[in-house]
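Have a look at the structure below before the remarks.
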Amino acid sequence: MAKNISYDDLTNLLKEAHEKFKNENSGANADYIPYLAGIDSSLFGIALVLPDGRTIETGDTQYRFGIESVSKVLTAALIIEEYGAQEVLKRIGADATGLPFNSIMAILLEKDHPSTPLVNAGAITACSMVKPTGDSDAKWKTIMDFFTRMCGSAPQLIDELYKSESATNFNNKSIAWLLKNYGRIYDDPDMALDLYTRQCSLGVTTLQLAAAAATIALDGTNPLTKKAVLKPEHTAPLTSLIATVGFYERTGDWLYTSGIPAKSGVGGGILAVMPGSFGLAAFSPRLDESGNSVRAQKAVRYIINKLGLNVFKDTALTVK
Ligand code: DON
């Protein structure tokens with residue numbers, strides 16, 4: 001049954017969520033990447049993009065933060081566009097690992113494929129698959145052009161974050177070379193790792209993430225630019241990846257309580273997809289022990305529960 005709500009009431013709901021959780025101070029900034037540890041942890045933004053291009057923003061929605069693992073969704077979309085959903089399933093997979101995002105154990109357990117492009121191993125493999133093979137600058141251009149179309153405007157590399165990540169990504173170096181050992185890297189492993197590290201270091205606004213979420217929710221057409229970015233048949237496989245592993249080892253708890261497929265990043269961002277209705281994003285730096293933003297997850301869950309939507313029951317919202 002389709003729910004109806006006015007634009008003003010939906011705007012008020014976002015404001016209400018912001019108000020309700022802005023003083024929620026549990027959790028802590030990611031500290032394993034020095035740049036992230038230093039971000040002002042009071043920042044908090046929520047943004048929503050509707051099918052007709054109307055937007056709703058509350059809080060610090062224009063602040064550029066590190067996209068981090070949310071970038072994995074966009075690269076997964078890119079390789080699904082380049083190779084097709086079936087080939088991505090074959091080369092990477094679509095299963096949850098049930099283990100932390102940077103788990104080496106997960107690769108050892110499933111050495112015939114990295115499991116999903118939404119954990120570090122699969123995302124590094126995904127970067128190795130981006131075309132054209134063998135040319136880092138050209139691959140980076142492909143990634144940037146695609147991210148720009150998904151977000152409706154260009155993300156910007158946060159140079160300090162890139163340097164900070166590159167200087168501390170020893171675990172990811174092991175992952176890249178372990179994947180090479182299992183024949184699961186389709187280009188130079190160091191190049192693939194560098195592209196992954198760079199894409200994680202892109203600065204995006206909450207509104208840009210909401211636009212990317214809306215593009216996935218709305219058959220692959222970005223409502224802000226009105227341009228087709230994804231083939232309509234690719235949005236469901238992509239959303240299924242988000243639903244399966246978007247919150248890592250806490251994904252089941254998240255889906256069970258929120259009813260919306262969403263992907264988090266250690267920069268504090270969350271991208272959430274309500275198929276057919278809208279894209280929603282939230283950002284705040286303090287994370288829980290699994291690396292998911294505390295305020296952003298509370299805000300997204302509150303909004304979706306209040307709307308009475310659930311991807312397993314009712315996804316249709318009509319905004320007058
Ligand atoms: O691979 C890493 O360590 C980071 N650059 C990205 C991790 C991340 O965002 C995990 N998500 N919650």
Side-chain angles (χ1 to χ4, degrees), residues 27-39 64-76 96-107 114-128 143 147 155 157-179 185 189-190 192-204 206 209 212 241-242 244-251 253-254 261-272 281-297 300:
N29 287 30
D31 58 4
Y32 75 103
I33 299 167
Y35 174 88
L36 296 178
I39 301 294
R64 278 185 190 275
F65 57 93
I67 187 170
E68 294 293 349
S69 281
V70 183
S71 67
K72 291 166 176 152
V73 172
L74 306 190
T75 315
T97 63
L99 290 165
F101 63 89
N102 52 5
S103 174
I104 286 179
M105 180 71 75
I107 308 168
S115 294
T116 164
L118 300 200
V119 298
N120 288 18
I124 295 168
T125 295
C127 286
S128 81
I143 292 171
F147 279 34
L157 189 72
I158 305 174
D159 213 44
E160 208 186 323
L161 177 56
Y162 175 48
K163 288 198 180 104
S164 195
E165 294 231 18
S166 302
T168 53
N169 64 352
F170 312 115
N171 189 86
N172 287 343
K173 280 187 182 137
S174 316
I175 290 177
W177 282 94
L178 195 55
L179 290 168
I185 281 279
D190 289 328
L193 175 63
D194 178 58
L195 290 166
Y196 166 76
T197 310
R198 250 192 283 176
Q199 73 170 33
C200 285
S201 308
L202 285 171
V204 287
T206 312
L209 274 198
L241 294 173
I242 300 171
T244 313
V245 75
F247 274 52
Y248 304 112
E249 69 274 28
R250 305 307 303 272
T251 306
D253 288 357
W254 167 258
K263 178 77 197 82
S264 67
V266 292
I270 289 180
L271 165 156
F283 152 69
S284 197
R286 283 201 183 96
L287 312 177
D288 66 15
E289 67 290 345
S290 297
N292 305 313
S293 166
V294 176
R295 285 186 197 155
Q297 55 180 306
V300 171

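The structure displayed is predicted, hence computed values, not measured ones. Just so you know, ligand 1 is whichever comes first in the structure, and atom 1 is the first atom listed for that ligand.
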Counting each atom of ligand 1 from 1 as listed, which ones have a heavy atom of [X] under 4.0 Å away?
X      : answer
Glu68  : 4 (C), 5 (N), 6 (C), 9 (O)
Gly291 : 12 (N)
Tyr196 : 1 (O), 2 (C), 4 (C), 6 (C)
Tyr32  : 2 (C), 3 (O), 4 (C), 6 (C), 7 (C)
Glu165 : 4 (C), 5 (N)

Inset, instruction - Give a yes or no on whether the backbone of Leu161 and the side-chain of Ser164 come within a donor-acceptor separation of less than 3.5 Å. - result: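 Between the backbone of Leu161 and the side chain of Ser164 there is no qualifying donor-acceptor contact (under 3.5 Å).
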
Inset, instruction - Report yes or no: does Asn102 have a heavy atom closer than 4.0 Å to ligand 1? - result: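 Per 4.0 Å heavy-atom rule, Asn102 does not contact ligand 1.
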
Inset, instruction - Drop me the distance from Leu193's CG to Asn169's CG, to the nearest 0.5 angstrom. - result: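 Atom-to-atom, Leu193:CG and Asn169:CG are 5.0 Å apart.
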
Inset, instruction - State which residues pass side chain to side chain contact (heavy atoms under 4.5 Å, CB included) with Ile242; sequence neighbours excluded, sorted by chain then number. - result: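 Ile242 satisfies side chain to side chain contact (heavy atoms under 4.5 Å, CB included) with Val73, Leu118, Ile216, Pro261, Lys263, Leu271, Val273 only.
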
Inset, instruction - Using salt bridge (Lys or Arg N to Asp or Glu O under 4.0 Å) as the criterion, list what pairs up with Asp253, not counting sequence neighbours. - result: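 Salt bridge (Lys or Arg N to Asp or Glu O under 4.0 Å) list for Asp253, sorted by chain: Arg250.
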
With only distance considered, is [X] within less than 3.5 Å of ligand 1 through an N or O on each side?
X      : value
Tyr248 : yes
Asn120 : yes
Phe101 : no
Asn292 : no

Inset, instruction - Could you check whether the rings of Tyr32 and Phe101 sit parallel, tilted or perpendicular, using 30° and 60° as the cut-offs? - result: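 Ring orientation of Tyr32 relative to Phe101: tilted.
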
Classify the side-chain pair [X]/[Y] by whether it contains a donor and acceptor separated by less than 3.5 Å.
X      : Y      : result
Gln297 : Ser264 : no
Tyr248 : Ser69  : yes
Asn29  : Tyr35  : no

Legend entry - The one among Ser69, Gly267, Pro100 that brings a heavy atom closest to atom 7 (C) of ligand 1: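 Comparing heavy atoms across Ser69, Gly267, Pro100, the nearest one to atom 7 (C) of ligand 1 lies in Ser69.
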
Inset, instruction - Answer side chain, backbone, both or neither: which part of Asn172 comes under 4.0 Å from ligand 1, heavy atoms only. - result: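 The side chain, only.
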
